[in-house]
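Below is one structure; the comments refer to it alone.
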Amino acid sequence: MNNIAIQLTNLSKQYSLHHEKPTLAEKLFSRTRKEKIWALKDISLTIMAGEKIGIVGSNGSGKTTLLSIIAGITEPTRGQAIVNGRVAALIGLEAGFHPELTGEENIYLNGMLLGMSRREIKAKLKQIIAFAELEKFIDVPLHAYSNGMKMRLGFSIAIAADPDILLIDEALSVGDQAFQKKSRQAIEHFFRQGKTIILVSHYPTTIQKLCPRAIWLENGQIKAIGKSRQVISQYQKTSHA
Amino acid sequence: MQDYFNFLWVMTSKEIKARYKNAFLGFLWIFLNPLFQMLVIGFIFQKIIKTPIRHYFSFLFAGLLAWNFFAYSFTKATPAFVWERTLIKKARFPREAIPLSIVFANFFHFLASFLLFFIFLLAWPGGHISWLGTATIIMAILWIVLFTIGATLLSSALNVKYRDVNFFIQALLILWFYATPVIYSLNILPPVYLPLFQFNPLAYPFALLHHSLVATPLPPASILWTNLGLSFLIIVLGILVFRRESKFFADWL
């Protein structure tokens, strides 16, 4: 498989900075000065299918914005992002559940939000429940779940979506120690499967271990790109000097 | 395409289920609510103010059901993206599913109680509604539903960026109720006020609904055309604004 998974061309993203929430009344009746910031500036990048790539960078360097654009959650201000295949982002795992609905009803709801079809969810239902270890609670409304249980369920649904491209933000710590181990294994399984993976982490060692290639983002621009060992040693020199 | 409708259906049934899951009397509320409204308002206008409208309770009930559908949908859908912000920031999915599922869930409630009401009307001694009348009722309801969809798309999209839209809508709805022929019909008003109703796109469909159910006279055609034009404008505007803004919802939440 020598296909392009993600192609970003001259990608830029601008945010309007607001100190207070804007109002329609304000927009219509007064001219407010708008502060704009560029969260990403002119990013061009090609990621091949099956590649594992890590992203490092300080807070506010544009890592999360980049993942949001690749996941299709938001769109770039300028430039283009072409993404081939189903994307799953392991972010907001505990979100998208309805407290009044049961675990099973929520699996359908959440799974479809992630782009799975009803039939696909039905086929994977047992697997999702078993992985989340929620067999006893599956007919109970979600408000009875602990946060850890919601995270586990969210994680199980996300990985059941069997994405071509997996986006992972920060070190994942889902549930208790046993489940953390299990989720790490599930992610490592994805790494072995030839999926395209983008891993954002504050821990450069994780990236160095799992990703052959890495990107260093700084102020919305690519400061360095290449073999992860080199990129990370450059990054560590400046940030931990 | 089928997946899209399945998704819309799951979102809609979530709305329906979640609403009555913990409510005492559950589903009955969809009928009880307008029934109590009708009894109170009906008592005031029938016994105290002595309205000239015939079959006033039926007149009132039909109008209230349709109005409640519109008002509940509009009230709930306008701030929906702010409530569901975690969803928006979590995944990519057709954003319109959120306001549409709210409108459809309310439409489901409306339809259930309207059908009960319709059967009740037919079963009443002397109750008769022609096929043409039935067709007109369907047209009127369809008009109200399409307008509701357009209006909620517009208001929910604008409220993401401008949070005062929600307050504006809540205030507007109270006035709008009295500006729409729900508790009165246009023919009992002094004719000088009639041109004002050209600016309320809900005036004609409500009059149409009343006309086909309890035979109140229809307003002049000028109101039909201006209402129709205005409804069309708001629906198109709603779709255009929504399509433009929804790409960037995540940036504002």
Side-chain angles (χ1 to χ4, degrees), chain A residues 13-16 18 20-28 39 64-65 68-77 83 86-102 105-121 141-143 154 157-158 161 167, chain B residues 1-23 78 82-95 97-98 101 154-155 157-169 171-172 241 243-253:
Chain A
K13 178 75 184 175
Q14 189 180 45
Y15 285 113
S16 299
H18 291 279
E20 281 167 47
K21 287 284 173 218
T23 62
L24 190 59
E26 213 175 51
K27 165 104 178 167
L28 293 174
T64 307
T65 306
S68 297
I69 290 174
I70 294 170
I73 294 166
T74 187
E75 296 210 0
T77 315
V83 178
R86 182 188 276 179
V87 188
L90 293 187
I91 44 177
L93 289 177
E94 73 288 1
F97 292 120
H98 198 290
E100 304 289 348
L101 302 182
T102 66
E105 288 168 327
N106 267 299
I107 291 175
Y108 279 97
L109 183 66
N110 213 311
M112 286 174 110
L113 279 168
L114 295 180
M116 280 193 267
S117 71
R118 184 193 270 282
R119 186 186 311 201
E120 195 182 345
I121 300 167
L142 253 276
H143 60 67
I157 298 168
L167 311 177
Chain B
M1 204 59 190
Q2 204 204 333
D3 286 344
Y4 180 80
F5 286 111
N6 275 337
F7 175 57
L8 259 184
W9 169 243
V10 166
M11 291 288 281
T12 305
S13 60
K14 172 203 82 170
E15 284 293 319
I16 296 170
K17 277 187 212 158
R19 187 152 152 195
Y20 294 106
K21 232 168 189 184
N22 289 327
T78 302
V82 181
W83 294 119
E84 303 280 14
R85 52 163 38 118
T86 52
L87 266 189
I88 299 294
K89 298 189 125 176
K90 175 192 166 89
R92 162 199 206 146
F93 62 91
R95 305 308 199 203
I98 289 179
S101 64
L154 184 65
S155 65
L158 287 178
N159 189 62
V160 172
K161 241 187 196 172
Y162 311 111
R163 300 294 163 82
D164 56 342
V165 168
N166 189 34
F167 298 108
F168 173 72
I169 297 295
L172 179 75
V241 169
R243 283 179 65 165
R244 208 190 63 178
E245 295 293 325
S246 60
K247 297 177 200 160
F248 304 107
F249 280 170
D251 301 353
W252 296 89
L253 293 168

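Enclosure of atom CZ in A:Arg86 by more than 12 non-hydrogen atoms of other residues, nucleotides or ligands within 6.0 angstrom is indicated. The local environment of OH in A:Tyr15 is crowded, with over 12 non-hydrogen atoms from other residues, nucleotides or ligands closer than 6.0 Å.
Here CZ of B:Phe248 is found 5.5 Å from NZ of A:Lys13. Values are rounded to the nearest 0.5 Å. For the atom pair NZ of B:Lys247 and OG1 of A:Thr77, the computed distance is 11.5 Å after rounding to the nearest 0.5 Å.
Of the two parts of A:Glu75, the backbone and the side chain both hold a non-hydrogen atom closer than 4.5 Å to a non-hydrogen atom of chain B.
Taking 4.5 Å as the limit, every side-chain heavy atom of A:Ile91 sits out of range of all side-chain heavy atoms of B:Lys89.
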Show every donor-acceptor pair shorter than 3.5 Å between a side-chain atom in residues 108-117 of chain A and any protein atom, with sequence neighbours excluded, or say none if there are none.
{"from": "A:Asn110", "atom 1": "ND2", "to": "A:Ala95", "atom 2": "O", "distance (Å)": "3.4"}
{"from": "A:Asn110", "atom 1": "ND2", "to": "A:Gly96", "atom 2": "O", "distance (Å)": "3.4"}
{"from": "A:Ser117", "atom 1": "OG", "to": "A:Glu120", "atom 2": "N", "distance (Å)": "3.2"}

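Residues satisfying the salt bridge (charged side-chain N to carboxylate O under 4.0 Å, His left out) test with B:Lys90, not counting sequence neighbours, are none.
Most heavy-atom pairs under 4.5 Å with chain A: of the set B:Asn159, B:Leu158, B:Ile88, B:Val10, this distinction falls to B:Val10. Ranking B:Thr86, B:Asp164, B:Val165 against chain A, the residue ahead of the rest is B:Asp164, based on heavy-atom pairs under 4.5 Å.
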